[in-house]
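The structure displayed is predicted, hence computed values, not measured ones. Labels below follow one simple rule: chain letters A, B, ... track the order of the sequence lines, proteins then strands, and each chain is numbered from 1.
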Protein chains: 2
Amino acid sequence: MKNLRWDDLQVFARVAQSGGLSGAADALDMSAPTVGRRMLALEQATGKSLFVRSRTGYELTDDGRALLRKVRTMEAGARPIEEWISADGERPIIRLSAGTWTANFMAENIPRIWTPDDPYRICFKTTEARLDISHREIEIGVRNRPAESGNLASRRTVDLGFAPYIVRSHPNPRESEWVAIDPDEAITRSARWLSAQDSASVCAWANTPYTLRDLVRAGAGKGVMPCFAGDRDPRLMRAGPLITDLAETQYLVMHNDDRHRPEVRLAIDRLHTLFRDHAALFRGDRPIGSSEMAEEPIA
Amino acid sequence: MKNLRWDDLQVFARVAQSGGLSGAADALDMSAPTVGRRMLALEQATGKSLFVRSRTGYELTDDGRALLRKVRTMEAGARPIEEWISADGERPIIRLSAGTWTANFMAENIPRIWTPDDPYRICFKTTEARLDISHREIEIGVRNRPAESGNLASRRTVDLGFAPYIVRSHPNPRESEWVAIDPDEAITRSARWLSAQDSASVCAWANTPYTLRDLVRAGAGKGVMPCFAGDRDPRLMRAGPLITDLAETQYLVMHNDDRHRPEVRLAIDRLHTLFRDHAALFRGDRPIGSSEMAEEPIA
DNA sequence: AATTTGAATTTCAGAAATGAAAAACCTTCG
DNA sequence: CGAAGGTTTTTCATTTCTGAAATTCAAATT
């Protein structure tokens, strides 16, 4: 058995990810036959079957999945190298991941976190999914809980409040039904909360937060949103008090090895300041002069 | 620029480690010309000079050192893969690192931590140097402080006491001089302590703890040893009270990803029990029936 | 100063890996 | 049921990589 070649692991990761030879071949700029032969060699070297081969693609076996998990941590080690190479003179890219509304808030305040003269560039990754910081998918994540393990560091920012919102022009706010996130797509706590309320009557579902807001704006019903998003929307008003079940705290999470990189440090500091400056908005303290329904317990 | 090949990084690490092509070529089972060409290609791919080439070998540049640091974390990811491959059916190897005396203690108590029927094997790494657990050089380290960062976990075991020892048959214990560790080799706190004592008169140096003990046993003078080592040696007796400056606490340190592997868990538990069972010995409480000099402050 | 030694480097024939094209194969869609 | 589409696999000429030996070179030794 010839010794393990790292190249083959690199190829393996792509095959595993794309689920077949042809996809990996494109991504790696090699030919499919070569990729196939490499995987044969890797199975030879490991002495294990890694794939179930079929005409429709390559599927991982249990051993294959076990290997993939390990190769992922190697990829995490390789990523900084690739960046180190390409970052020659060019400004480094800080990948910043957040949920829809948080990303929206940051994007609208982009001058507070980035200016053209800054020694870095920013790549927004807007998703409710939790990208893997310890495996270097992103540099900074905005999360609703601190990181526990995996060599990550966290920095607390602000408390978050959630409330139901409805369009200001709604003819009958008190009787309105709910607009919810499709339970199949509900990742965040706030999206799942509504399904847990037995008494809530839902009239429409959406699969993205933006669509949910559009439905609420159009008068379809009331929807749960974070206060910092709902209170900033002039077309909406609160349809009830803060939902205490959903109160949470926001954290900036980063890789331990990155926290002292000057550009990451700078971005973190600015984000921290930005959020802290709007602490009242995030907590859900009423915005000055906003109108709203009289308070009463919801649903 | 062709994309980075992981293979070349693997080769790079060996070249950097062995300081030249020929050493790396032997270790990797390739020819020296091939290794040389690969490194040329790597410099091409990175666009940086990684080595200063000379007839006597390859020396790293600053960029080379920067790259090596990053490649080391990739190696850390690769090591579990290699073990996963070779561990097919065979019992896994737990590499256990400790200082001279601790290793000696564990070795003498090997039945307490390993028996032939156990589902693992043990590899002792006896050294005063601190091997890199986060980079997977060892599974378990016996340390005198808990790990702070780098995805490591620590478990506290016992308190350690240090004292000066002298051979029982010494004609004039009170007037004896010191046997010390060569300051150039002094890594541990206890080895460096003596140099810091202005009033200490040293008559002999040794570069290993064992030689130091042999010198003390032979009557050359008195030497600092951990109590668990000195008190167990029937030929030695204390030449003074505990050295409070040197009191420290012992920890078992392991990688966070390893702590739940059953065999590592088992070994850790046994080590913990072994040390705890001898807590009094380690702390330096006098062994029953041992003779010693009358106490008085040491030089 | 000449010699030895131990390393990198060059040369070049042979070995191994590669890609294009073709073939084989399964799935899907009409 | 047949055809189309997409994927893997085989084939084979070509390219690339490799190792042995020869060469070069600098430092250490005699």
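- The interatomic distance linking Gln44(A) (CD) with dA17(C) (C1') rounds to 16 Å, in whole Å.
- Summarising the geometry, the separation between CE on Met30(B) and C1' on dT18(D) is reported as 9 Å, rounded to the nearest angstrom.
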Produce the list of close N/O pairs, under 3.5 Å, pairing protein atoms with atoms of nucleotides 23-30 of chain D; give distances to one decimal.
{"unit_1": "dT24(D)", "atom_1": "O2", "unit_2": "Arg55(B)", "atom_2": "NH1", "d": "3.4"}

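- With dT7(D), dA7(C), dG19(D) as the choices, the nucleotide that has an atom nearest any side-chain atom of Ser22(A) turns out to be dT7(D).
- Remark: the backbone N or O of Ile181(A) is not paired with any side-chain donor or acceptor of Arg192(A) at under 3.5 angstrom.
- What separates CG of Leu28(A) from P of dA17(C) is a distance of 17 Å, to the nearest Å.
- Using a cutoff of 4.0 Å between basic side-chain nitrogens and carboxylate oxygens, Asp257(B) and Arg136(B) are scored as salt-bridged.
- Counted by atom type alone, Ser134(B) and Asp132(B) present one or more donor-acceptor pairs between their side chains at under 3.5 Å.
- Atom CG of Asp26(B) is separated from atom P of dA8(C) by 10 Å (rounded to the nearest Å).
- Remark: the backbone N or O of Leu131(B) is not paired with any side-chain donor or acceptor of Ser97(B) at under 3.5 angstrom.
- Across the protein-nucleic acid pair, Phe51(A) atom CZ and dT7(D) atom P stand 16 Å apart, rounded to whole Å.
- Here the side chain of Thr46(A) pairs a donor or acceptor atom with the backbone of Leu42(A) at under 3.5 angstrom.
- Judged by distance alone, with hydrogens and angles left aside, the side-chain atoms of Ser86(B) form a donor-acceptor pair with the main-chain N or O of Glu82(B) at under 3.5 Å.
- Distance Tyr58(A) OH to dC25(C) C1': 14 Å, rounded to the nearest Å.
- Ring geometry for Phe12(A) against Phe51(A) counts as tilted: the plane angle lies between 30° and 60°, on a 0 to 90° scale.
- A distance of 7.0 Å separates CG of Leu50(A) from CG of Asp63(A), quoted to the nearest 0.5 Å.
- Residues from residues 34-41 of chain B that place a heavy atom under 4.0 Å from any atom of DNA chain D, listed by number: Thr34(B), Arg37(B), Arg38(B).
- Side-chain atoms of Ala32(B) lie closest to dT9(C) of the nucleotides dT8(D), dT9(C), dA21(C).
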Kindly determine whether Glu59(B) and Arg65(B) satisfy salt bridge (charged side-chain N to carboxylate O under 4.0 Å, His left out), including the steps that lead there. CA-CA 10 Å; Glu59(B) 200 185 346; Arg65(B) 267 186 293 278; 5.7 Å; no

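- Closest approach to the Arg53(B) side chain among dT9(C), dG19(C), dT7(D) is made by dT9(C) (side chain taken as heavy atoms from C-beta onward).
- Between Glu59(B) atom CD and dA8(C) atom P there is a gap of 13 Å when expressed in whole angstrom units.
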